[in-house]
Every structure is written in C-alpha cells, then in structure tokens.
2 protein chains.
Amino acid sequence: MTREPRLSWKEVRDQIKTSILDRTYSPGDKLPRDADIADQFGCARSTVQRAMRDLSDAGLVERKRKGGTRVRVDPVTRATVDIPITRREVEKRGSVYGYHLIDRGFFKTPPEIAGKLELPQATEILRVRALHLADHKPHIYEDRWICPDTVPGILEVDLSRESANEWLVMNKPYTRCDLRFYAISATEDTAATLDIKTGSALLVIERTTWIGTAPITLVKAYTAPGYELLTSN
Amino acid sequence: MTREPRLSWKEVRDQIKTSILDRTYSPGDKLPRDADIADQFGCARSTVQRAMRDLSDAGLVERKRKGGTRVRVDPVTRATVDIPITRREVEKRGSVYGYHLIDRGFFKTPPEIAGKLELPQATEILRVRALHLADHKPHIYEDRWICPDTVPGILEVDLSRESANEWLVMNKPYTRCDLRFYAISATEDTAATLDIKTGSALLVIERTTWIGTAPITLVKAYTAPGYELLTSN
DNA sequence: AAAAATATTATGTGCTTACATATTCAAGTC
DNA sequence: GACTTGAATATGTAAGCACATAATATTTTT
C-alpha cells in the first residue's frame, strides 16, 4: 500500500500551472471552481485557495468573486526588485559609504513635481540635493522634493549629517510607493556632480511615496554609470 | 454591547506594521510568537500568520522556524514590475505593433553569455536579433541567445513571422527568471537599428530564464529613448 | 420592456485542530 | 572537550467548517 502523501499547496499550484502552460487551459479560459479542483486533487479547498493565490500573485491567473478563476490573457513576467537604503547597499558590497549634502531650500513646486506628487495645487516644497559616495567616488546623486506639510519632522533634521533617504525610510512609513526606471544622458550639471562625462547614460530610479493620499516625497536617484538593478528572487 | 467586529488579517497586519514603524519594535527586535500576538488581538493564529506572511513578503520582517519573527534590520523598498509581451504592451497603449527579424544564426557561445546562462562550457547557441515597432517606429531592439538543447522546438519556428519573445512566453514555461536593468549609451550599430543618435541613453532590460537548471534564453532588450518601466501596484 | 428586488454562486476570510519541519538548546556519550 | 542525541519550540502547512462579500443570474415589479 503506497502511503499517499498529502498534496502540498505547491504541488497543486505546480500542477495547475502545468495545465495552463500545456494548454489544458488556454489564456482566457475559466478554470473549475476551487471546490471542484480540490475534489479532483483530493485535498481541501483551502489548499487550492493557497495555490490559486500564489498563481494570482504571480500574474498567471485572475480571480473574481463569483466570476471564477481564469487564465490571464496577457501573460507577464512579474519580478520583484528590492531597493535598499543606499548606505546599506554600499556597505553590503564592502565599500566605504560617504554622504554629502549639496543644497537644501524651499521652492514653489514645479508643475512636473506637483503632478507626480498628485498635489492639487502648487505649494512651497523642500528640495534637497545630495550625493552618495561609494569608496569616496560618486555613486548616486539624489534630487529630492519633500512635502513639509506631510513630513514636518524633516525640517528639524540636520541633512548635512543624515541623508533624507535614510531618515525618511526609518521615520516615515508610507502606504503607497510608485517607482519608475528610465535612462537619461547626463546633463552637464549632473555629469559634473557625478564626476563623469557629459552625455553618459545613467539609470534613473524615480520614487514617489504617499501616506494615505498625502504625498511624502519624490526622489530622482541618478545612479553612476555601471549601476545595475537586479531582481531579488 | 458594542458588537466587536472580528479583526481582519489586514487590520492585524497594519497594526503590527504601525508598531514596527513607531519603534515599538525596532529593527532587529524579535516580535512575540504568533500565538501570543493572536491572544493579544483576540484572533486566531492563522490570522496572525496571514498578516505576518504579508509583512514578510513585503520585506518588513524576517521569519524563521523556531527562530521567531524579527524586524528586518535593513528596510527595503520592495516593488513588483510587470514585463509584458512586447506586442501586448504596444497594443495596450493603442499603438500599432510591428515586428521585424534582423538575423538568426548559430554561434559558439561567447563567455559573457555562457556565464550568465550558467552554462558549464561553451556550446553552440542560437542568436536571434529582432526589432519591435510601435506605430512603425523602432520601439525595442532585442538581442537574444537561445539554448537549442533546452528548447529544440524553437528551431521549427519561423522567426520572421513570430517573435521568439512571444513564442517562448507562450510555449516554454520557466521556473526561474533573473532580470537586470541598466543604462547604456547606444553604440553605432544599436543606434542605427533603433534609428536614434549614437550615444543616446537607453534602458536595457536583460532577462535570463531557466527551466530547472537548464538555461532557456538570455535576452537583452534595448528600449528606445523615453522608455519607462513602472511598478504595477 | 426596463428597472428593481432577490436568489445564487464562487471566491474571500476567519476559526480550530492537528501535524510537519526546522532550529535551537541541553543532556548524554565517547 | 567535541560530538551525538533528543527534547523543546516557533513557524509552516493542511483539513474542514462557517460565514462574508461581491458579482452574476433570475424573478418580480412597474
């Protein structure tokens, strides 16, 4: 009598995944109800639920109450990226971290920034520019806009000693975060700051955070040439 | 008697998250056991478990069997990005999609490629170069290396009609996918292909996929200037 | 026939119990 | 003292039940 080992939710997930990939269920098709799949596999519905949630998280299927589960019509490669605090990232590589405040001042919020922060109207905003160093060489130049209404505490911080990056991450929770990656050619100013040639290709990581609907900060991180962003996995 | 509404796992999660962010539990601290937290909230352990898994997925805490749950010492911004099939992406924007095979041939695997594919030794590999168009303008230039040992089926595909991108996604499941984002200045060749100026900054999306330990493909997607990668949320 | 009320149904959530698994810690053995 | 063995423990997984919720389908009403 071969001892029937209980199916784990991962096995269920993988079998369903296989059925999708081998076209037993094609994109757009509706899968059986959880309960029926559970019967089929001889497991509990909660196990199927767990498997399905994973497939849903991975972007392979879409689930709707009453509507059932269907195979996504537009398969995507879904990846997660971790963006650590810059100091941590540099130290983890075994490099010496350095930080240098370039300037700090209040400005009337430019339209582009107000739009990205979803600010209803232009207000006064704190702009902080700083340079992160790795082994005494420029690593990331960050151009940051901070909403003082949302984060009054930042006004008391000595940003020449502590980076806004770090202070915010450690002190200001956010409920929403938008990220944007793109490449630009270094302007003369940016190039000078990063000590590279004008026109060099730079990866820019643009991040906007909110707490509820209140915008916290928008930062454009101009990474030095050679910088790479990897998926975690 | 105020009817005590049951706590949802999301409420539990948010409360724990708040406790972490307000320093009730500092980075590195050990949180109480799930069972104790459950008692504290008056809910079942499974609810705490659900909440904790979410926090763990989000990168806020680390969990280990027997070791318990502790607040991560290096908070990260964790984001998920969706990389759709190029055709879908173009069509979703309402643009007309076009595809053009540039060339296809067998080569001795260059060391850089072999390394990234984790191939033990240099073998023959299929290289496919193609251009994706949006509204008849170059959109993405892809330079792809495919392991024919892992994907013999690709040899039968008419790549001048169907893109390898699409065929692989639809026909070849992968179990592991590594992504890498970086910026480069367009070489003369790349610039000519994308019909842009030499030296323009390009965002490159490099993707490597495996099935088990068998490498499937490595593709470098050179995106046209202005291309942006956004987080899903 | 159009609109509103109602029933149906598939997924979502929560509870409880039970057992699995990975670590840690301590006792016991050589 | 170094090594092995085993107990203790916290998280991981699974079952099975009950009810919540949202979306759809059906019926009733106007």
Side-chain angles (χ1 to χ4, degrees), chain A residues 1-17 19-20 24-73 233, chain B residues 1-17 19-20 24-73 233:
Chain A
M1 227 17 118
T2 55
R3 155 105 165 72
E4 187 85 49
R6 261 199 311 250
L7 284 192
S8 78
W9 66 267
K10 286 183 182 174
E11 291 173 298
V12 173
R13 176 198 61 187
D14 290 342
Q15 287 211 35
I16 296 171
K17 186 176 178 180
S19 300
I20 291 172
T24 304
Y25 303 112
S26 301
D29 281 5
K30 193 151 111 179
L31 296 174
R33 320 164 14 211
D34 291 4
D36 290 344
I37 294 181
D39 281 355
Q40 184 187 316
F41 282 109
C43 67
R45 181 165 80 90
S46 53
T47 305
V48 176
Q49 168 97 16
R50 184 74 184 80
M52 284 299 194
R53 190 152 45 73
D54 206 61
L55 291 172
S56 175
D57 286 348
L60 202 63
V61 303
E62 274 174 328
R63 316 195 81 203
K64 271 204 303 200
R65 274 178 171 145
K66 163 75 185 176
T69 305
R70 36 188 70 235
V71 181
R72 277 188 66 141
V73 288
N233 304 326
Chain B
M1 233 355 130
T2 55
R3 157 100 165 75
E4 186 87 51
R6 260 200 311 250
L7 284 190
S8 77
W9 66 268
K10 286 182 181 174
E11 291 172 295
V12 173
R13 176 198 61 187
D14 290 343
Q15 287 210 36
I16 296 172
K17 186 176 179 181
S19 301
I20 291 172
T24 304
Y25 302 112
S26 301
D29 281 4
K30 195 151 112 179
L31 296 174
R33 317 159 23 206
D34 290 5
D36 290 342
I37 294 181
D39 281 354
Q40 182 188 319
F41 282 109
C43 67
R45 182 165 79 89
S46 55
T47 305
V48 176
Q49 168 96 16
R50 184 76 182 76
M52 284 298 194
R53 189 151 45 74
D54 206 59
L55 291 173
S56 174
D57 286 349
L60 202 62
V61 303
E62 276 173 328
R63 314 195 84 203
K64 273 205 304 203
R65 273 178 170 144
K66 162 75 183 177
T69 306
R70 37 188 69 235
V71 181
R72 274 187 69 140
V73 289
N233 304 323

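So you know, we letter chains A, B, ... as the sequences are listed, proteins then strands, and number each from 1.
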Between D:dA20 atom C1' and B:K10 atom NZ, what is the distance in whole Å?
13 Å

Partners of A:L31 by side-chain contact (heavy atoms from CB on, under 4.5 Å), sequence neighbours excluded?
A:I16, A:Y25, A:M52, A:V61, A:T69, A:V71

A:Q49 side chain near C:dG12 phosphate (N/O to OP1/OP2, under 4.0 Å)
yes

Just jot down the salt bridge (Lys or Arg N to Asp or Glu O under 4.0 Å) partners of A:R50, sequence neighbours excluded, or say none.
none

List in chain and number order the residues that pass side-chain contact (heavy atoms from CB on, under 4.5 Å) with A:S46, two or more places apart in sequence or in another chain; answer none if no residue qualifies.
A:A44

Going by heavy atoms closer than 4.0 Å, what residues in residues 24-43 of chain A are next to DNA chain D?
A:C43

If you take any heavy atom closer than 4.0 Å to DNA chain C, which residues from residues 52-73 of chain B end up in contact?
B:R65, B:K66

Mind checking salt bridge (Lys or Arg N to Asp or Glu O under 4.0 Å) for B:R53 and listing every partner two or more places apart, or none if nothing turns up?
none

side-chain contact (heavy atoms from CB on, under 4.5 Å) with A:A58: which residues, sequence neighbours excluded?
none

Describe the nucleic acid contact of B:T47 in one word from base, sugar-phosphate, nothing, applying a heavy-atom distance below 4.0 Å.
sugar-phosphate

Given atom CZ of A:R13 and atom C1' of D:dA14, what is their separation to the nearest angstrom?
16 Å

Nearest heavy-atom pair of A:P27 and A:R72: which atoms, and what distance?
CB-O, 3.6 Å

Can you list the residues that meet the salt bridge (Lys or Arg N to Asp or Glu O under 4.0 Å) rule with A:D39, with sequence neighbours excluded?
none

Candidates D:dT11, C:dT11, C:dT16 - which lies nearest the side chain of B:R45
D:dT11

Could you list the residues that satisfy salt bridge (Lys or Arg N to Asp or Glu O under 4.0 Å) with B:R63, not counting sequence neighbours?
B:D34

Tell me: CD of B:E11 to P of C:dT13, nearest whole Å?
12 Å

